[in-house]
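Residue numbering restarts at 1 for every chain, and letters A, B, ... go by the order of the sequence lines.
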Amino acid sequence: MKEKNKNTLQHALAQLPQYRPDEALWQRIEGQLAEAPLREALQKLPLRQPSEDVWQGIEKQLGRKGQVRSLQLARWVAAAAVLCGIGFAMHWLLGDTPARVTTAYAQEQAQWPVTLPPADAGDEEAFQEIPRMLMTSVVGSAREEIAGLQSNLDELNEAVSETQSMIKRYGADGPLLQQIVELERERTLVIKQMAALL
Amino acid sequence: MLNSLHRHMTNHLLCLLAGWVLTAPVFAQNTTVHVVSRTIEKTFNYKNGYEVNIEGEKADINIRTWDKKEIAVTITLLAKHPDKAVAERDIESLQYVAQRQKNNIYLRNFVHVPQNGKAVEAQLSATYTITLPQECPVYLKNHFGEAQVSNLNGRLKINGSFSKIGMENVQGIIEVQSKFGDIMGRKLNGDISMRTRRSDITLYDLKGRCNIEAAYGIVNLFASRDLLDLMVRGEQTDVYFHHPDPQWFGYSLTATHGKVVLPEKMRFSFQENLPDSKKVQFKPTREYYANVTISVNFGSIFVKK
């Protein structure tokens with residue numbers, strides 16, 4: 001019969017998955033084939049009862065082997081027990097039980113977003129300008145007082161930037177913004193003291 | 001011509017509107033916020049010589065004691081945001097350490113945003129609950145947040161910045177450093193030393209030996225009869241010393257650029273009484289008594305019943 005869609009058939013055949021049997025399979029078949037004549041020969045062999053002594057001898061030997069085996073097993077069990085003991089002792093001494101980590105989800109009502117109005121550019125200018133004016137205009141004994149106020153202001157500025165860096169890493173929340181507000185008030189007091197000296 | 005004028009005006013209006021939207025303040029409103037909490041529980045066996053070392057950030061730390069020879073730690077990491085996906089993403093940035101290295105048990109939390117990762121948008125924080133034997137030495141560092149320690153009887157060292165610190169019924173060697181964080185103590189006894197800046201200190205039922213150096217703050221002390229020795233040095237700090245029977249102690253008080261206010265009917269001797277410098281002493285009639293030495297610069301001293 002003539003095949004009508006030869007190309008399609010060939011294409012489909014080419015797409016069929018190929019299966020190559022395991023090497024071991026051939027070896028097993030060969031082994032079974034080789035055993036067949038041996039089995040035939042075995043059936044033809046004459047039957048013969050062994051004497052009682054033979055069985056007794058075999059039993060004796062088996063018994064000794066069993067003893068040897070159980071002795072080896074006991075050694076392994078003992079070694080394992082010692083290892084377990086050491087492990088348990090180490091575990092007890094170090095006490096490092098693995099951490100139990102759980103995650104939970106909840107909801108709450110809260111004000112969002114938590115923000116402060118943006119800093120006033122004029123304020124920032126004053127914080128820069130007043131100390132600068134003071135350093136250039138005041139002479140004599142007031143210098144010491146100004147130096148004290150300046151270090152006070154530096155400390156507060158540093159605290160503001162520490163708090164801002166915290167807000168950046170941990171997100172803005174009530175206590176952090178409250179901290180900023182308190183620092184701003186203290187900075188304002190220092191600036192007022194500085195302005196009074198001008 | 002008219003058309004282009006119309007387009008120009010529309011653009012102008014749009015710009016104005018955009019400007020108004022951008023500069024208008026964002027008003028907060030009550031919103032449902034998703035809270036993702038990750039809890040880590042771990043127990044360490046305690047042996048003599050072990051020390052607990054805590055380094056918290058934005059953490060609420062609670063340390064208490066029990067009779068077991070164990071240190072039980074529960075750390076809860078929190079992320080809050082109205083968008084659950086954001087809270088879930090940002091909790092991954094909040095990391096912790098809870099491990100023992102030789103004799104030190106280290107507990108720590110910190111924020112780590114991977115390179116090219118999105119900046120944190122959620123509100124992150126941590127809480128620690130640590131239960132340990134009362135004799136276990138503790139070194140506690142906290143940057144922002146709050147710490148509360150109770151019933152310890154060993155060695156306690158605290159280094160706080162922007163963190164409130166509370167201590168109740170703590171004995172032994174107590175060493176506290178703090179900046180921008182108020183300290184509240186009740187029933188402290190032992191060898192106590194504090195160095196603070198911009199932190200108010202309030203100590204009730206104070207016993208033992210106490211040495212305080214404070215700058216820019218208010219020190220408020222309520223002494224017990226078991227106070228053995230007190231030394232306070234204040235810089236731009238007011239110091240209040242309270243006791244129901246102020247004559248129980250001997251005093252040596254110095255205030256520069258400040259005043260000394262004393263209880264009536266007590267015979268203090270003024271060694272110096274200038275407008276900007278005052279030195280006052282008092283000795284009880286008993287042979288042995290505890291000394292209260294307070295000196296302040298740009299601050300005042302108040303002794304009260």
Inset, instruction - Answer with side chain, backbone, both or neither: which region of B:H112 has an atom nearer than 4.5 Å to a non-hydrogen atom of chain A? - result: neither
Inset, instruction - Taking B:Q123 for its side chain and A:A172 for its backbone only, find out whether a donor-acceptor pair lies under 3.5 Å. - result: yes
Legend entry - chain B contact via A:I167 - which portion, at a heavy-atom distance below 4.5 Å: neither
Inset, instruction - Output the option from B:T32, B:L94, B:I40, B:V36 having the highest count of non-hydrogen pairs under 4.5 Å with chain A. - result: B:T32
Inset, instruction - Grab the two heavy atoms, one from A:G171 and one from B:V120, that are nearest each other, plus how far apart they are. - result: N-CG1, 4.3 Å
Legend entry - chain A contact via B:Y96 - which portion, at a heavy-atom distance below 4.5 Å: side chain
Legend entry - salt_bridge(A:E158, B:K179) N-O dist < 4.0 Å: no
Inset, instruction - Side chain from CB out, backbone as N, CA, C, O: work out which of these in B:Y216 comes under 4.5 Å of a heavy atom of chain A, or both, or neither. - result: side chain
Legend entry - Residue A:E125 excluded, over 12 heavy atoms near CD under 6.0 Å: no
Legend entry - Heavy-atom proximity to chain A below 4.5 Å, by part of B:K84: side chain
Legend entry - Selection from B:L77, B:N109, B:I91 maximising heavy-atom pairs under 4.5 Å formed with chain A: B:N109
Inset, instruction - Heavy-atom distances under 4.5 Å only: say whether A:Q179 touches chain B with side chain, backbone, both or neither. - result: side chain
Legend entry - B:R89 atom CZ, neighbour heavy-atom count above 12 within 6.0 Å: yes
Legend entry - Leading residue by heavy atom contact count with chain A [cutoff under 4.5 Å; candidates B:T39, B:I75, B:V111]: B:T39
Legend entry - Pair B:T31, A:Q109: side-chain N/O donor-acceptor within cut-off below 3.5 Å: no
Legend entry - Note, B:H81 side chain near A:W112 side chain (heavy atom, < 4.5 Å): yes
Inset, instruction - Measure the CZ-OG1 distance between B:F180 and A:T163 for me, rounded to the nearest 0.5 Å. - result: 8.0 Å
Legend entry - Closest heavy-atom pair and its distance - B:F110, A:Y170: CA-OH, 3.6 Å
Inset, instruction - Pick one of side chain, backbone, both or neither for A:E186, based on which atoms fall under 4.5 Å of a heavy atom in chain B. - result: side chain
Inset, instruction - For residues B:L124 and A:R169, report the shortest heavy-atom separation together with the two atoms involved. - result: CD1-O, 3.8 Å
Inset, instruction - Go through B:R198 and A:L156 one step at a time and tell me if the side-chain contact (heavy atoms from CB on, under 4.5 Å) criterion holds. - result: CA-CA 10 Å; B:R198 300 180 189 277; A:L156 292 169; 3.7 Å; yes
Legend entry - Heavy-atom closest pair, residues A:Q111 and B:N30: NE2-OD1, 3.4 Å
Inset, instruction - Give a yes or no on whether B:R195 atom CZ has more than 12 heavy-atom contacts from other residues, nucleotides or ligands under 6.0 Å away. - result: no
Legend entry - side chain to side chain donor-acceptor pair (under 3.5 Å) partners of B:E70, counting only residues at least two apart: none
Inset, instruction - Could you look at B:A98 and say if it's the side chain, the backbone, both or neither that has a heavy atom under 4.5 Å from chain A? - result: neither
Legend entry - Residue pair B:K58 / A:L176, side-chain heavy-atom distance below 4.5 Å: yes
Inset, instruction - Among the options B:R38, B:E57, B:Q236, pick out the one with the most heavy-atom pairs lying under 4.5 Å from chain A. - result: B:E57
